[in-house]
Colleague: 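Pasting a structure here, questions to come.
The residues of the chain are indexed from 1 along the displayed sequence.
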Amino acid sequence: MELRAYWTIIWRRIWLVALIVGVVALYVGYQYYHLRKTPGALTAYKSDVTIQVGLQASPDGTSSSFADNVTVSETLADALITSPILSSKEFDTEVSNQIGSDMSLIEQRYGSHPDLGDWHNTAAIGGALNSLRSHSLVTVSATWPTPAGAWAIANAVGEVSTAHICTYLEYVVSKKASCSSSASSALPGVTAQVISSPTDAAPVPGTSANKQTLLFLLLLVALIVGIALAFLADYLDDRIYSKDDALNLLQLPLLGEVPRPPSAGRTRPHRTPSSAA
């Protein structure tokens, strides 16, 4: 019985519930539309490339301790993922330039005029890179709005690291800032090689994927608030709508009830007496 009374209250103020939910629904729809139109907001793509950081053979033919090489290599790999190298303007500019040089390779893989996104934006490239390491192995992940762009960035990171890692990582700063072995004939240089080629771009949640859930929760909150306001408005309303309201208010027995008059244009049907057989 109480459930029926609750539903009566809600139905009496259904316009209030519909107004609140409708306004919030318009806002949610507007925000969701922009999320769908923003590349990478709801769905992005990730490609991984694994490189190994180590030391070159000594130019003078001497060999250092294997344990020392392992320790230095792991230290250099840790420096690569903990320092701002991957997000630096210099590194990301080289990655962007490398993508331009690899355009024929990218077109062979993804067809002519592949959608690479804003690959000229070096700041966006830096924000798309994440890394982790296992000993001297570093896995760099490129998360991008398009699958072709994610693979192209990961591939360029591997190529730039292989060719120019010594300009960003060095365990001894020599007087001559050069990657060549002549900078220090007694010390091996830092090198990197690609261990695992860039993986095929796989879909992952976008940067604003959690906002989609928040929008649906906002709709649910609007419905709850609308129902709560409907009950509040009914509580503050002292008008009598039914005999049950009169009984609850006056606490007196009900002796009779006057029926509602028929609506305009409608008359009560006349009963015709049945003829006797």
Colleague: Within a radius of less than 6.0 Å around CZ of Phe231, do more than 12 heavy atoms belonging to other residues, nucleotides or ligands occur?
Modeller: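 Atom CZ in Phe231 is crowded, with more than 12 foreign heavy atoms closer than 6.0 Å.
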
Colleague: So, the side chain of Ser73 versus the backbone of Ser136: is there a donor-acceptor pair under 3.5 Å, distance only?
Modeller: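 Not at all, since once roles are kept as given, no pair shorter than 3.5 Å links the two residues.
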
Colleague: Can you see which heavy atom on Thr143 is nearest to which on Ala44, and at what distance?
Modeller: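 Taking every non-hydrogen atom into account, CG2-CB, 3.8 Å.
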
Colleague: In terms of hydrophobic clustering (I, L, V, M, F, W, Y; side-chain heavy atoms under 4.5 Å; direct or indirect links), are Trp15 and Leu232 co-clustered?
Modeller: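 In one cluster with Trp15: Leu232, yes.
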
Colleague: Passes side chain to side chain contact (heavy atoms under 4.5 Å, CB included), Leu219 versus Leu223? Steps please.
Modeller: CA-CA 6 Å; Leu219 273 177; Leu223 179 61; over 6 Å; no

Colleague: How close do Ala230 and Ile9 get, counting heavy atoms only, and between which atoms?
Modeller: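 Nearest pair, atom of Ala230 first, then Ile9: O-CG2, 4.1 Å.
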
Colleague: With rounding to the nearest 0.5 Å, note down the distance linking CG in Asp102 to CG in Asn97.
Modeller: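 Separation between the atoms: 11.0 Å.
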
Colleague: Do Ile51 and Val157 come close enough that some side-chain heavy atom pair is under 4.5 Å?
Modeller: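 Heavy-atom side-chain distance check fails, nothing below 4.5 Å.
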
Colleague: Tell me whether Val204 shares a hydrophobic cluster with Leu132, the cluster being built from Ile, Leu, Val, Met, Phe, Trp, Tyr side chains joined at under 4.5 Å.
Modeller: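 Cluster IDs for Val204 and Leu132 differ.
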
Colleague: Do you know the tightest heavy-atom contact between Pro114 and Gly111?
Modeller: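 Between these two residues, the closest heavy atoms are CD-O, 3.4 Å.
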
Colleague: At what distance, to the nearest 0.5 angstrom, does NE2 of His164 lie from CD of Glu159?
Modeller: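 Interatomic distance, His164 NE2 to Glu159 CD, rounded to 0.5 Å: 10.0 Å.
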
Colleague: Given 3.5 Å as the limit, does a donor-acceptor pair link the side chain of Ser96 with the main chain of Trp119, or not?
Modeller: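 Flag set: sc Ser96 to bb Trp119 pair under 3.5 Å.
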
Colleague: When clusters are formed by joining ILVMFWY residues with side-chain heavy atoms under 4.5 Å apart, either directly or through shared neighbours, do Val194 and Tyr168 land in the same one?
Modeller: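 They do share one cluster, since a chain of ILVMFWY contacts under 4.5 Å joins Val194 to Tyr168.
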
Colleague: Would you check if Pro198 and Val49 make a side-chain contact, meaning some heavy-atom pair closer than 4.5 Å?
Modeller: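 Contact flag for Pro198/Val49 side chains = yes.
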
Colleague: Report yes if the side chains of Ser161 and Phe91 come closer than 4.5 Å at any heavy-atom pair, otherwise no.
Modeller: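 A side-chain contact under 4.5 Å exists here.
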
Colleague: So which atom in Leu86 and which in Asp92 form the shortest heavy-atom distance, rounded to 0.1 Å?
Modeller: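 Shortest heavy-atom separation between Leu86 and Asp92 comes out as O-OD1, 2.7 Å.
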
Colleague: Taking a hydrophobic cluster as the set of Ile, Leu, Val, Met, Phe, Trp and Tyr residues connected by side-chain heavy atoms closer than 4.5 Å, whether directly or through intermediates, do Leu215 and Val23 fall within one such cluster?
Modeller: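 Result: no, two separate clusters.
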
Colleague: At what distance, to the nearest 0.5 angstrom, does CD1 of Ile153 lie from CD1 of Ile125?
Modeller: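 It comes to 5.0 Å.
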
Colleague: Looking at CG of Leu229 and CG of Leu16, how far apart are the two atoms once the value is rounded to the nearest 0.5 Å?
Modeller: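 That separation rounds to 5.5 Å.
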
Colleague: Shortest non-hydrogen contact from Trp144 to Ala124?
Modeller: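 Shortest heavy-atom separation between Trp144 and Ala124 comes out as CZ3-O, 3.5 Å.
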
Colleague: Quick check for you: to the nearest 0.5 Å, what is the distance between Ser134 atom OG and Gln52 atom CD?
Modeller: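 Ser134 OG to Gln52 CD: 10.5 Å, rounded to 0.5 Å.
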
Colleague: State yes or no: do Ile224 and Ile227 share one hydrophobic cluster built from I, L, V, M, F, W and Y residues joined by side-chain heavy-atom distances below 4.5 Å, directly or via other members?
Modeller: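 No: no chain of side-chain contacts under 4.5 Å links Ile224 to Ile227.
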
Colleague: Report the C-alpha separation of Val95 and Gln98 in whole Å, then their side-chain angles, then the decisive distance to 0.1 Å, and conclude whether the side chain to side chain contact (heavy atoms under 4.5 Å, CB included) test is met.
Modeller: CA-CA 5 Å; Val95 170; Gln98 187 64 46; 5.6 Å; no

Colleague: So Met103 and Leu116, side chain to side chain contact (heavy atoms under 4.5 Å, CB included) or not? Walk me through it.
Modeller: CA-CA 10 Å; Met103 195 59 66; Leu116 301 180; 3.7 Å; yes

Colleague: Is the backbone of Ala142 close enough, under 3.5 Å, to the side chain of Ser47 for a donor and an acceptor to pair up by distance?
Modeller: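 Side chain of Ser47 to backbone of Ala142, a donor-acceptor pair under 3.5 Å: no, none is there.
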
Colleague: So how far is it from Thr50 OG1 to Leu137 CG, rounded to the nearest 0.5 Å?
Modeller: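 Spacing of OG1 (Thr50) from CG (Leu137) equals 7.0 Å.
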
Colleague: Could you please spell out the steps behind the side chain to side chain contact (heavy atoms under 4.5 Å, CB included) verdict for Arg133 and Glu74?
Modeller: CA-CA 9 Å; Arg133 79 171 182 92; Glu74 292 182 354; 4.1 Å; yes

Colleague: Check whether any side-chain heavy atom of Ile165 sits under 4.5 Å from a side-chain heavy atom of Leu76, and report yes or no.
Modeller: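 With C-beta onward as the side chain, the pair stays apart.
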
Colleague: Specify the closest pair of heavy atoms between Ala222 and Ile20, including all atoms of both residues, with the distance to one decimal.
Modeller: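 For Ala222 versus Ile20, the nearest heavy atoms are O-CG2, 3.7 Å.
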
